[in-house]
Amino acid sequence: MKKIYIGADHAGFVLKEKIREWLEHKHVPYIDVGNKKLDPKDDYPDFAAALARKVVAEKSLGILICGSAQGMCIAANKIKGARAVIPYSLREARLSKEHNNANIICLSGWFAHLHKSKRMIELFLTTGFSQEPRHVRRLEKIKRLER
């Protein structure tokens, strides 16, 4: 399994810590890009950019958590090669990998439930890209948008 990067701001910190413990329990290798302590003054773009750069450079996967998940997703997607998504269902978590080859899953520290988050992450980490020609073609079009 690829190395997983995980990061969160203050609003996602508690959920990140629970997910981090779960990853350890499952023996999933990960690197925590922060924040490593609860800091109400931190800013989500800092963690999103750091994680997205590592995921893209190492062709790995990432988990980002902030209050709504929206800010982390927007910031991560500013990094060329990042394909961050916010799934709200198990099916969306699976399809984001199968169809879109997403490399970062974003979760809400305010609204996500731990059990469902763990199930979505598990699907996200274990589902592969389908390689279907229509999905490859669409991803190539997305790459051309990044120029």
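- For the atom pair OG (Ser96) and CG (Asn103), the distance works out to 10.0 Å, reported to the nearest 0.5 Å.
- Looking only at side-chain heavy atoms (C-beta outward), Leu95 and Asn100 stay at 4.5 Å or farther from each other.
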What's the verdict on side chain to side chain contact (heavy atoms under 4.5 Å, CB included) for Leu139 and Val136, showing C-alpha distance, side-chain angles and the deciding distance?
CA-CA 5 Å; Leu139 286 177; Val136 171; 5.9 Å; no
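- Listed here is the closest heavy atom pair of Ser108 and Leu15: O-CD2, 3.6 Å.
- With values rounded to the nearest 0.5 angstrom, Ile4 atom CD1 is found 4.5 Å from Leu125 atom CG.
- Separation of atoms NE2 (His99) and CZ (Arg138) is listed at 8.5 Å; rounding is to 0.5 Å.
- In terms of the salt bridge (charged side-chain N to carboxylate O under 4.0 Å, His left out) criterion, Arg144 has no residue partners (sequence neighbours excluded).
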Quick one, Tyr30 with Ile19, criterion side chain to side chain contact (heavy atoms under 4.5 Å, CB included). Give me CA distance, side-chain angles, the key distance, then yes/no.
CA-CA 11 Å; Tyr30 72 90; Ile19 290 170; over 6 Å; no
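- Here Arg20 pairs with Glu17 in a salt bridge; the nearest charged N to carboxylate O distance falls below 4.0 Å.
- Residues Lys143 and Glu140 are paired through a salt bridge, judged by an N-O separation under 4.0 Å between the basic side chain and the carboxylate.
- The two residues Leu38 and His10 have their closest heavy-atom pair at CD1-O, 3.6 Å.
- No donor-acceptor distance shorter than 3.5 angstrom exists from the side chain of Arg119 to the backbone of Leu90, with no hydrogens or angles considered.
- Between Lys54 and Ile31 the shortest side-chain heavy-atom distance does not fall below 4.5 Å.
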